[in-house]
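All values reported here derive from a predicted model rather than from experimental measurement.
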Number of protein chains: 2
Amino acid sequence: MDQLRETLKVHQLRTTTCREDVLSTFINKKNALSHGDLEGALGENYDRVTIYRTLKTFLEKGIIHKVLDDEGLRYALCSHSCSEEKHQHDHIHFKCNICGKTNCLENQLIPEIALPQGYKPENFNLLIQGTCPSCNN
Amino acid sequence: MDQLRETLKVHQLRTTTCREDVLSTFINKKNALSHGDLEGALGENYDRVTIYRTLKTFLEKGIIHKVLDDEGLRYALCSHSCSEEKHQHDHIHFKCNICGKTNCLENQLIPEIALPQGYKPENFNLLIQGTCPSCNN
DNA sequence: ATACTAAATACAATGATGTTGCAAAAATAA
DNA sequence: TTATTTTTGCAACATCATTGTATTTAGTAT
Ligand SMILES: [Mn+2]
Ligand SMILES: [Mn+2]
Ligand SMILES: [Zn+2]
Ligand SMILES: [Zn+2]
(Lines give C-alpha, C1' and ligand atoms only; values in the text may rest on other atoms or scores of the structure.)
(Ligands and ions follow the chains in the order given, each with its own letter.)
Protein backbone atom coordinates (compact mmCIF):
# COMPACT_ATOMS: atom_id res chain seq x y z
CA MET A 1 0.00 0.00 0.00
CA ASP A 2 1.28 3.35 -1.01
CA GLN A 3 -1.19 5.08 1.27
CA LEU A 4 0.79 3.86 4.26
CA ARG A 5 4.05 5.22 2.93
CA GLU A 6 2.33 8.49 2.21
CA THR A 7 1.04 8.83 5.76
CA LEU A 8 4.48 8.13 7.16
CA LYS A 9 6.08 10.59 4.81
CA VAL A 10 3.63 13.33 5.76
CA HIS A 11 4.69 12.93 9.35
CA GLN A 12 8.35 12.89 8.42
CA LEU A 13 8.94 9.28 9.32
CA ARG A 14 11.09 6.80 7.47
CA THR A 15 9.29 3.94 5.85
CA THR A 16 9.95 0.69 7.64
CA THR A 17 8.05 -2.56 7.50
CA CYS A 18 7.25 -2.40 11.18
CA ARG A 19 5.69 1.03 10.89
CA GLU A 20 3.77 -0.01 7.82
CA ASP A 21 2.47 -3.11 9.56
CA VAL A 22 1.50 -1.31 12.74
CA LEU A 23 -0.25 1.39 10.76
CA SER A 24 -2.09 -1.08 8.58
CA THR A 25 -3.14 -3.04 11.64
CA PHE A 26 -4.76 0.08 13.03
CA ILE A 27 -6.50 0.65 9.72
CA ASN A 28 -7.71 -2.91 9.28
CA LYS A 29 -8.97 -3.58 12.75
CA LYS A 30 -11.17 -0.58 13.25
CA ASN A 31 -11.06 -0.55 17.01
CA ALA A 32 -8.59 0.80 19.53
CA LEU A 33 -5.54 -1.38 20.14
CA SER A 34 -3.24 -1.94 23.06
CA HIS A 35 0.42 -2.73 22.83
CA GLY A 36 -0.51 -6.28 23.67
CA ASP A 37 -2.96 -6.43 20.79
CA LEU A 38 -0.26 -5.35 18.38
CA GLU A 39 2.22 -7.74 19.90
CA GLY A 40 -0.31 -10.50 19.35
CA ALA A 41 -0.79 -9.49 15.74
CA LEU A 42 2.81 -8.72 14.83
CA GLY A 43 4.92 -10.18 17.59
CA GLU A 44 6.31 -12.90 15.38
CA ASN A 45 7.79 -10.33 13.08
CA TYR A 46 8.96 -7.57 15.37
CA ASP A 47 10.44 -7.16 18.78
CA ARG A 48 8.26 -6.00 21.65
CA VAL A 49 10.47 -3.00 22.14
CA THR A 50 10.17 -1.93 18.54
CA ILE A 51 6.41 -1.95 18.83
CA TYR A 52 6.61 0.16 21.98
CA ARG A 53 8.84 2.63 20.19
CA THR A 54 6.62 2.67 17.14
CA LEU A 55 3.62 3.54 19.29
CA LYS A 56 5.59 6.25 21.03
CA THR A 57 6.66 7.72 17.71
CA PHE A 58 3.17 7.58 16.20
CA LEU A 59 1.82 9.25 19.32
CA GLU A 60 4.33 12.07 19.15
CA LYS A 61 3.76 12.62 15.47
CA GLY A 62 0.00 12.74 15.83
CA ILE A 63 -0.77 9.56 13.92
CA ILE A 64 -2.50 7.91 16.87
CA HIS A 65 -4.01 9.09 20.12
CA LYS A 66 -4.46 7.52 23.51
CA VAL A 67 -7.80 6.03 24.42
CA LEU A 68 -8.62 5.78 28.10
CA ASP A 69 -9.69 2.43 29.38
CA ASP A 70 -10.55 0.93 32.71
CA GLU A 71 -8.04 -1.85 32.34
CA GLY A 72 -5.18 -0.37 30.40
CA LEU A 73 -4.29 2.18 27.79
CA ARG A 74 -5.22 1.73 24.17
CA TYR A 75 -4.49 3.66 21.02
CA ALA A 76 -6.49 4.62 17.97
CA LEU A 77 -5.87 6.41 14.71
CA CYS A 78 -6.20 10.15 14.63
CA SER A 79 -8.70 10.64 11.86
CA HIS A 80 -8.19 14.32 11.35
CA SER A 81 -5.02 16.20 10.93
CA CYS A 82 -3.22 15.90 14.20
CA SER A 83 0.39 16.93 14.26
CA GLU A 84 3.39 17.00 16.48
CA GLU A 85 2.19 20.34 17.82
CA LYS A 86 -1.40 19.64 18.62
CA HIS A 87 -3.64 16.67 19.16
CA GLN A 88 -7.25 17.73 18.83
CA HIS A 89 -9.76 15.16 19.98
CA ASP A 90 -13.24 15.99 21.05
CA HIS A 91 -15.01 12.77 20.16
CA ILE A 92 -16.44 10.07 22.35
CA HIS A 93 -15.00 6.60 22.85
CA PHE A 94 -17.29 3.65 23.33
CA LYS A 95 -16.26 0.38 24.89
CA CYS A 96 -18.53 -2.62 24.55
CA ASN A 97 -18.74 -4.79 27.64
CA ILE A 98 -19.72 -7.80 25.56
CA CYS A 99 -17.22 -7.95 22.71
CA GLY A 100 -14.67 -5.85 24.56
CA LYS A 101 -13.92 -3.60 21.64
CA THR A 102 -13.36 0.10 22.01
CA ASN A 103 -14.17 2.44 19.16
CA CYS A 104 -13.92 6.08 18.32
CA LEU A 105 -17.29 7.67 17.65
CA GLU A 106 -15.81 10.35 15.46
CA ASN A 107 -19.12 12.10 14.93
CA GLN A 108 -20.22 12.16 18.54
CA LEU A 109 -18.61 15.19 20.08
CA ILE A 110 -18.19 15.76 23.77
CA PRO A 111 -20.66 18.47 24.76
CA GLU A 112 -19.65 21.75 26.32
CA ILE A 113 -19.00 21.43 30.03
CA ALA A 114 -19.31 24.21 32.56
CA LEU A 115 -16.67 23.94 35.26
CA PRO A 116 -16.40 25.87 38.53
CA GLN A 117 -14.33 29.03 38.71
CA GLY A 118 -10.61 28.53 38.41
CA TYR A 119 -10.55 25.41 36.30
CA LYS A 120 -8.85 25.79 32.93
CA PRO A 121 -9.81 22.78 30.85
CA GLU A 122 -7.56 21.76 27.98
CA ASN A 123 -8.22 18.15 27.09
CA PHE A 124 -11.31 16.01 27.22
CA ASN A 125 -11.61 12.25 27.35
CA LEU A 126 -14.96 10.59 27.53
CA LEU A 127 -15.29 6.85 27.66
CA ILE A 128 -18.76 5.37 27.59
CA GLN A 129 -19.13 1.71 28.40
CA GLY A 130 -22.11 -0.39 27.50
CA THR A 131 -23.34 -2.57 24.67
CA CYS A 132 -22.43 -1.85 21.08
CA PRO A 133 -24.81 -2.22 18.12
CA SER A 134 -23.23 -5.50 17.03
CA CYS A 135 -23.74 -7.10 20.42
CA ASN A 136 -27.13 -5.56 21.11
CA ASN A 137 -29.91 -7.83 19.89
CA MET B 1 -11.75 6.95 64.26
CA ASP B 2 -14.96 5.08 64.68
CA GLN B 3 -16.21 6.42 61.38
CA LEU B 4 -13.79 4.16 59.56
CA ARG B 5 -14.94 1.05 61.39
CA GLU B 6 -18.51 2.04 60.68
CA THR B 7 -17.88 2.34 56.95
CA LEU B 8 -16.22 -1.05 56.86
CA LYS B 9 -19.02 -2.62 58.85
CA VAL B 10 -21.66 -1.20 56.52
CA HIS B 11 -19.94 -2.94 53.64
CA GLN B 12 -19.60 -6.17 55.60
CA LEU B 13 -15.85 -6.02 55.91
CA ARG B 14 -13.78 -6.99 58.91
CA THR B 15 -11.94 -4.21 60.62
CA THR B 16 -8.22 -4.46 60.02
CA THR B 17 -5.57 -1.86 60.48
CA CYS B 18 -4.65 -2.00 56.80
CA ARG B 19 -8.20 -1.33 55.70
CA GLU B 20 -8.53 1.47 58.22
CA ASP B 21 -5.30 3.04 57.06
CA VAL B 22 -6.11 2.76 53.36
CA LEU B 23 -9.55 4.21 53.93
CA SER B 24 -8.27 7.06 56.03
CA THR B 25 -5.61 7.81 53.43
CA PHE B 26 -8.34 8.22 50.84
CA ILE B 27 -10.22 10.51 53.21
CA ASN B 28 -7.25 12.63 54.18
CA LYS B 29 -5.70 13.15 50.79
CA LYS B 30 -8.68 14.37 48.86
CA ASN B 31 -7.46 13.37 45.42
CA ALA B 32 -7.52 10.11 43.51
CA LEU B 33 -4.79 7.65 44.47
CA SER B 34 -2.95 4.94 42.63
CA HIS B 35 -1.68 1.75 44.16
CA GLY B 36 1.75 3.30 44.06
CA ASP B 37 0.55 6.32 46.00
CA LEU B 38 -0.80 4.10 48.73
CA GLU B 39 2.32 2.01 48.75
CA GLY B 40 4.30 5.18 49.21
CA ALA B 41 2.11 6.24 52.10
CA LEU B 42 1.69 2.88 53.81
CA GLY B 43 4.28 0.60 52.30
CA GLU B 44 6.34 0.48 55.47
CA ASN B 45 3.45 -1.01 57.34
CA TYR B 46 1.80 -3.31 54.85
CA ASP B 47 2.76 -5.60 52.07
CA ARG B 48 2.23 -4.47 48.49
CA VAL B 49 -0.02 -7.43 47.87
CA THR B 50 -2.23 -6.61 50.81
CA ILE B 51 -2.74 -3.12 49.42
CA TYR B 52 -3.66 -4.58 46.05
CA ARG B 53 -6.16 -6.86 47.68
CA THR B 54 -7.55 -4.08 49.80
CA LEU B 55 -8.16 -1.97 46.71
CA LYS B 56 -9.79 -4.89 44.99
CA THR B 57 -12.07 -5.48 47.95
CA PHE B 58 -12.99 -1.82 48.31
CA LEU B 59 -13.76 -1.70 44.61
CA GLU B 60 -16.02 -4.72 44.77
CA LYS B 61 -17.83 -3.46 47.83
CA GLY B 62 -18.45 -0.03 46.34
CA ILE B 63 -16.23 1.92 48.71
CA ILE B 64 -14.02 3.26 45.94
CA HIS B 65 -14.34 3.62 42.19
CA LYS B 66 -11.84 3.62 39.37
CA VAL B 67 -10.65 6.91 37.95
CA LEU B 68 -9.39 6.62 34.41
CA ASP B 69 -6.16 8.27 33.53
CA ASP B 70 -3.87 8.51 30.57
CA GLU B 71 -0.95 7.12 32.47
CA GLY B 72 -2.41 4.63 34.88
CA LEU B 73 -5.46 3.76 36.88
CA ARG B 74 -6.36 5.62 40.04
CA TYR B 75 -9.04 5.20 42.65
CA ALA B 76 -11.25 7.57 44.60
CA LEU B 77 -13.87 7.31 47.29
CA CYS B 78 -17.43 6.72 46.27
CA SER B 79 -19.19 9.60 47.93
CA HIS B 80 -22.69 8.33 47.59
CA SER B 81 -24.03 4.97 48.48
CA CYS B 82 -22.42 2.59 46.06
CA SER B 83 -22.80 -1.07 46.82
CA GLU B 84 -21.64 -4.43 45.64
CA GLU B 85 -24.52 -4.44 43.18
CA LYS B 86 -24.20 -1.07 41.56
CA HIS B 87 -21.62 1.64 41.16
CA GLN B 88 -23.29 4.85 40.11
CA HIS B 89 -20.95 7.57 38.98
CA ASP B 90 -21.95 10.41 36.77
CA HIS B 91 -19.50 13.07 37.87
CA ILE B 92 -16.50 14.55 36.15
CA HIS B 93 -12.86 13.92 37.00
CA PHE B 94 -10.35 16.67 36.63
CA LYS B 95 -6.62 16.12 36.33
CA CYS B 96 -4.28 19.07 36.77
CA ASN B 97 -1.32 19.05 34.43
CA ILE B 98 0.69 21.20 36.85
CA CYS B 99 0.32 19.55 40.24
CA GLY B 100 -0.64 16.22 38.76
CA LYS B 101 -3.57 15.66 41.08
CA THR B 102 -6.81 14.15 39.92
CA ASN B 103 -10.03 15.02 41.71
CA CYS B 104 -13.67 14.09 41.62
CA LEU B 105 -15.89 17.04 40.82
CA GLU B 106 -18.85 15.53 42.59
CA ASN B 107 -21.18 18.35 41.66
CA GLN B 108 -20.29 18.52 37.99
CA LEU B 109 -22.39 15.90 36.30
CA ILE B 110 -21.74 14.51 32.89
CA PRO B 111 -24.42 15.89 30.56
CA GLU B 112 -26.81 13.74 28.63
CA ILE B 113 -25.25 12.29 25.52
CA ALA B 114 -27.13 11.25 22.42
CA LEU B 115 -25.59 8.17 20.87
CA PRO B 116 -26.35 6.59 17.49
CA GLN B 117 -28.94 3.83 17.22
CA GLY B 118 -27.96 0.56 18.80
CA TYR B 119 -25.63 1.81 21.51
CA LYS B 120 -26.72 1.02 25.05
CA PRO B 121 -24.66 3.18 27.37
CA GLU B 122 -24.21 2.04 30.94
CA ASN B 123 -21.20 3.76 32.41
CA PHE B 124 -19.60 7.12 31.82
CA ASN B 125 -16.07 8.24 32.47
CA LEU B 126 -15.13 11.78 31.69
CA LEU B 127 -11.62 12.99 32.40
CA ILE B 128 -10.85 16.63 31.84
CA GLN B 129 -7.22 17.67 31.94
CA GLY B 130 -6.01 21.19 32.41
CA THR B 131 -5.06 23.56 35.21
CA CYS B 132 -6.73 23.37 38.59
CA PRO B 133 -7.72 26.41 40.72
CA SER B 134 -4.75 25.96 43.04
CA CYS B 135 -2.25 26.04 40.18
CA ASN B 136 -4.02 28.69 38.15
CA ASN B 137 -2.75 32.16 39.00
C1' DA C 1 -11.95 -15.19 79.24
C1' DT C 2 -10.97 -18.99 76.08
C1' DA C 3 -11.37 -21.69 72.19
C1' DC C 4 -13.04 -22.04 67.52
C1' DT C 5 -13.69 -20.77 62.74
C1' DA C 6 -13.45 -17.97 58.87
C1' DA C 7 -11.04 -14.28 56.85
C1' DA C 8 -7.02 -11.49 56.06
C1' DT C 9 -2.10 -10.90 55.85
C1' DA C 10 2.89 -11.67 54.82
C1' DC C 11 6.05 -13.76 52.14
C1' DA C 12 7.83 -16.04 48.24
C1' DA C 13 7.46 -17.20 43.63
C1' DT C 14 5.99 -16.17 39.18
C1' DG C 15 4.37 -13.55 35.33
C1' DA C 16 3.32 -9.41 32.77
C1' DT C 17 4.49 -4.93 31.39
C1' DG C 18 7.52 -1.28 30.30
C1' DT C 19 12.36 1.01 29.88
C1' DT C 20 17.31 1.69 28.65
C1' DG C 21 21.87 1.07 26.30
C1' DC C 22 24.17 -0.37 22.54
C1' DA C 23 25.77 -2.96 18.41
C1' DA C 24 23.96 -4.39 13.97
C1' DA C 25 20.96 -3.45 10.20
C1' DA C 26 18.30 -0.60 7.24
C1' DA C 27 16.72 3.77 5.09
C1' DT C 28 17.71 8.01 3.11
C1' DA C 29 21.06 11.57 1.44
C1' DA C 30 25.18 12.63 -0.95
C1' DT D 1 28.04 3.34 -4.33
C1' DT D 2 29.29 5.32 -0.30
C1' DA D 3 28.37 8.07 3.72
C1' DT D 4 25.22 9.54 7.27
C1' DT D 5 21.40 9.09 10.13
C1' DT D 6 17.70 6.51 11.87
C1' DT D 7 15.68 2.32 13.26
C1' DT D 8 15.78 -2.25 14.95
C1' DG D 9 16.90 -6.39 17.80
C1' DC D 10 18.69 -8.11 21.75
C1' DA D 11 19.94 -8.25 26.44
C1' DA D 12 19.58 -6.50 30.78
C1' DC D 13 16.98 -4.28 33.96
C1' DA D 14 13.11 -2.16 36.42
C1' DT D 15 8.39 -1.78 37.65
C1' DC D 16 3.89 -3.49 38.17
C1' DA D 17 0.58 -7.08 39.14
C1' DT D 18 -1.04 -11.87 40.30
C1' DT D 19 -1.14 -16.41 42.65
C1' DG D 20 -0.43 -20.01 46.29
C1' DT D 21 0.20 -21.01 50.95
C1' DA D 22 1.42 -20.95 55.82
C1' DT D 23 0.65 -17.87 59.58
C1' DT D 24 -1.86 -14.52 61.94
C1' DT D 25 -5.88 -12.07 63.15
C1' DA D 26 -10.99 -10.73 63.75
C1' DG D 27 -15.29 -11.99 64.94
C1' DT D 28 -18.06 -15.48 67.20
C1' DA D 29 -19.40 -19.24 70.08
C1' DT D 30 -18.55 -21.48 74.32
MN1 LIG E 1 -10.60 8.36 19.28
MN1 LIG F 1 -14.95 10.17 41.14
ZN1 LIG G 1 -19.78 -5.32 21.26
ZN1 LIG H 1 -3.00 21.67 40.14
Side-chain angles (χ1 to χ4, degrees), chain A residues 1-2 4-25 32-61 63-64 66-75 84 100 102, chain B residues 1-26 32-61 63-64 66-75 84 100 102:
Chain A
M1 285 296 159
D2 214 39
L4 299 176
R5 294 170 157 270
E6 185 58 29
T7 300
L8 293 173
K9 196 166 204 173
V10 166
H11 292 89
Q12 298 173 312
L13 290 175
R14 290 189 175 184
T15 306
T16 68
T17 57
C18 181
R19 285 172 179 168
E20 287 179 312
D21 282 354
V22 169
L23 188 48
S24 81
T25 303
L33 303 173
S34 65
H35 172 270
D37 294 332
L38 288 161
E39 199 186 346
L42 307 171
E44 306 280 317
N45 310 314
Y46 308 105
D47 192 87
R48 287 164 31 76
V49 178
T50 304
I51 297 176
Y52 275 117
R53 291 199 260 231
T54 301
L55 287 171
K56 187 158 177 276
T57 303
F58 281 10
L59 206 53
E60 289 166 354
K61 293 292 185 177
I63 297 175
I64 60 177
K66 290 184 180 180
V67 178
L68 299 197
D69 192 277
D70 59 339
E71 48 189 352
L73 211 47
R74 290 192 146 78
Y75 304 88
E84 199 146 5
T102 304
Chain B
M1 284 296 162
D2 214 38
Q3 173 65 0
L4 300 176
R5 294 172 157 269
E6 186 56 29
T7 300
L8 293 173
K9 196 166 203 173
V10 165
H11 292 88
Q12 298 173 311
L13 291 175
R14 290 190 176 184
T15 306
T16 68
T17 56
C18 180
R19 286 173 179 169
E20 286 179 312
D21 282 354
V22 169
L23 188 49
S24 82
T25 303
F26 273 112
L33 302 173
S34 66
H35 172 270
D37 294 332
L38 288 161
E39 199 186 346
L42 307 171
E44 306 280 317
N45 309 314
Y46 309 104
D47 192 86
R48 287 167 34 77
V49 178
T50 304
I51 297 176
Y52 275 117
R53 292 200 255 231
T54 300
L55 287 172
K56 186 156 176 279
T57 303
F58 281 10
L59 206 52
E60 289 167 354
K61 293 293 184 175
I63 297 175
I64 59 177
K66 290 183 181 181
V67 179
L68 302 196
D69 190 275
D70 60 339
E71 50 190 352
L73 213 47
R74 291 192 147 77
Y75 304 88
E84 199 146 3
T102 304

Expressed as a whole number of angstroms, how long is the span from [X]:[atom1] to [N]:[atom2]?
{"X": "A:Arg74", "N": "C:dT17", "atom1": "CZ", "atom2": "P", "answer": "11 Å"}
{"X": "A:Asp47", "N": "C:dT17", "atom1": "CG", "atom2": "C1'", "answer": "14 Å"}
{"X": "A:His35", "N": "C:dT19", "atom1": "NE2", "atom2": "C1'", "answer": "11 Å"}
{"X": "A:Ile51", "N": "C:dG18", "atom1": "CD1", "atom2": "P", "answer": "12 Å"}
{"X": "B:Leu38", "N": "C:dT9", "atom1": "CG", "atom2": "P", "answer": "14 Å"}
{"X": "B:Glu71", "N": "C:dT17", "atom1": "CD", "atom2": "C1'", "answer": "16 Å"}
{"X": "A:Leu73", "N": "C:dG18", "atom1": "CG", "atom2": "P", "answer": "8 Å"}
{"X": "A:Asp37", "N": "C:dG18", "atom1": "CG", "atom2": "P", "answer": "11 Å"}

Could you tell me whether the side chain of [Y] reaches within less than 4.5 Å of the side chain of [X], counting heavy atoms only?
{"X": "A:Leu13", "Y": "A:Ile63", "result": "yes"}
{"X": "A:Arg19", "Y": "A:Phe58", "result": "yes"}
{"X": "A:Thr17", "Y": "A:Tyr46", "result": "yes"}
{"X": "A:Glu20", "Y": "A:Thr15", "result": "yes"}

5′-ward residue of the pair B:Thr15/B:Glu39 relative to DNA chain D: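 Its nearest nucleotide lies further toward 5', so the answer is B:Glu39.
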
Residues forming a side chain to side chain contact (heavy atoms under 4.5 Å, CB included) with A:Leu68, sequence neighbours excluded: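 Applying side chain to side chain contact (heavy atoms under 4.5 Å, CB included) to A:Leu68 gives A:Leu73, A:Asn125, B:Leu68, B:Asp70, B:Leu127.
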
Range on DNA chain D touched by chain B, heavy atoms, distance below 4.0 Å: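 The footprint of chain B covers D:dC16 to D:dG27.
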
Over all atoms of both residues, closest heavy-atom pair of B:His11 and B:Thr7: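 Closest heavy-atom pair between B:His11 and B:Thr7: ND1-O, 3.0 Å.
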
C:dA8 phosphate, OP1 or OP2, under 4.0 Å from B:Arg19 side-chain N/O: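 Yes, B:Arg19 has a side-chain N/O under 4.0 Å of OP1/OP2 on C:dA8.
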
Phosphate contact (C:dA8 OP1 or OP2) by B:Thr16 side-chain N/O below 4.0 Å: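 False: B:Thr16 side-chain N/O out of range (4.0 Å or more) of C:dA8 OP1/OP2.
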
All side chain to side chain donor-acceptor pair (under 3.5 Å) counterparts of A:Ser34, not counting sequence neighbours: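 Residues passing side chain to side chain donor-acceptor pair (under 3.5 Å) with A:Ser34: A:Asp37.
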
Terminal axis angle for the helix from C:dA1-D:dT30 to C:dA30-D:dT1, five pairs an end, nearest 10 degrees: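 Taking the rotation axis at each end, their angle is 30°.
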
Main-chain N/O of B:Phe26 paired with B:Tyr75 side-chain donor or acceptor, under 3.5 Å: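 Checking the backbone N and O of B:Phe26 against the side chain of B:Tyr75, no donor-acceptor pair under 3.5 Å is found.
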
DNA chain C contacts among residues 7-14 of chain B, heavy-atom distance under 4.0 Å: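 Per residue number, the list reads B:Arg14.
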
Touch class at under 4.0 angstrom, heavy-atom based, for B:Thr57 against every strand present: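 Counting heavy atoms under 4.0 Å across all strands, no contact is made by B:Thr57.
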
What distance do [X] atom [atom1] and [Y] atom [atom2] have between them, rounded to the nearest 0.5 Å?
{"X": "A:Lys9", "Y": "A:Asp2", "atom1": "NZ", "atom2": "CG", "value": "9.0 Å"}
{"X": "A:Leu42", "Y": "A:Thr50", "atom1": "CG", "atom2": "OG1", "value": "11.0 Å"}
{"X": "A:Leu38", "Y": "A:His35", "atom1": "CG", "atom2": "NE2", "value": "7.5 Å"}

For B:Glu84, all residues meeting salt bridge (Lys or Arg N to Asp or Glu O under 4.0 Å), sequence neighbours excluded: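 B:Glu84 satisfies salt bridge (Lys or Arg N to Asp or Glu O under 4.0 Å) with B:Lys61 only.
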
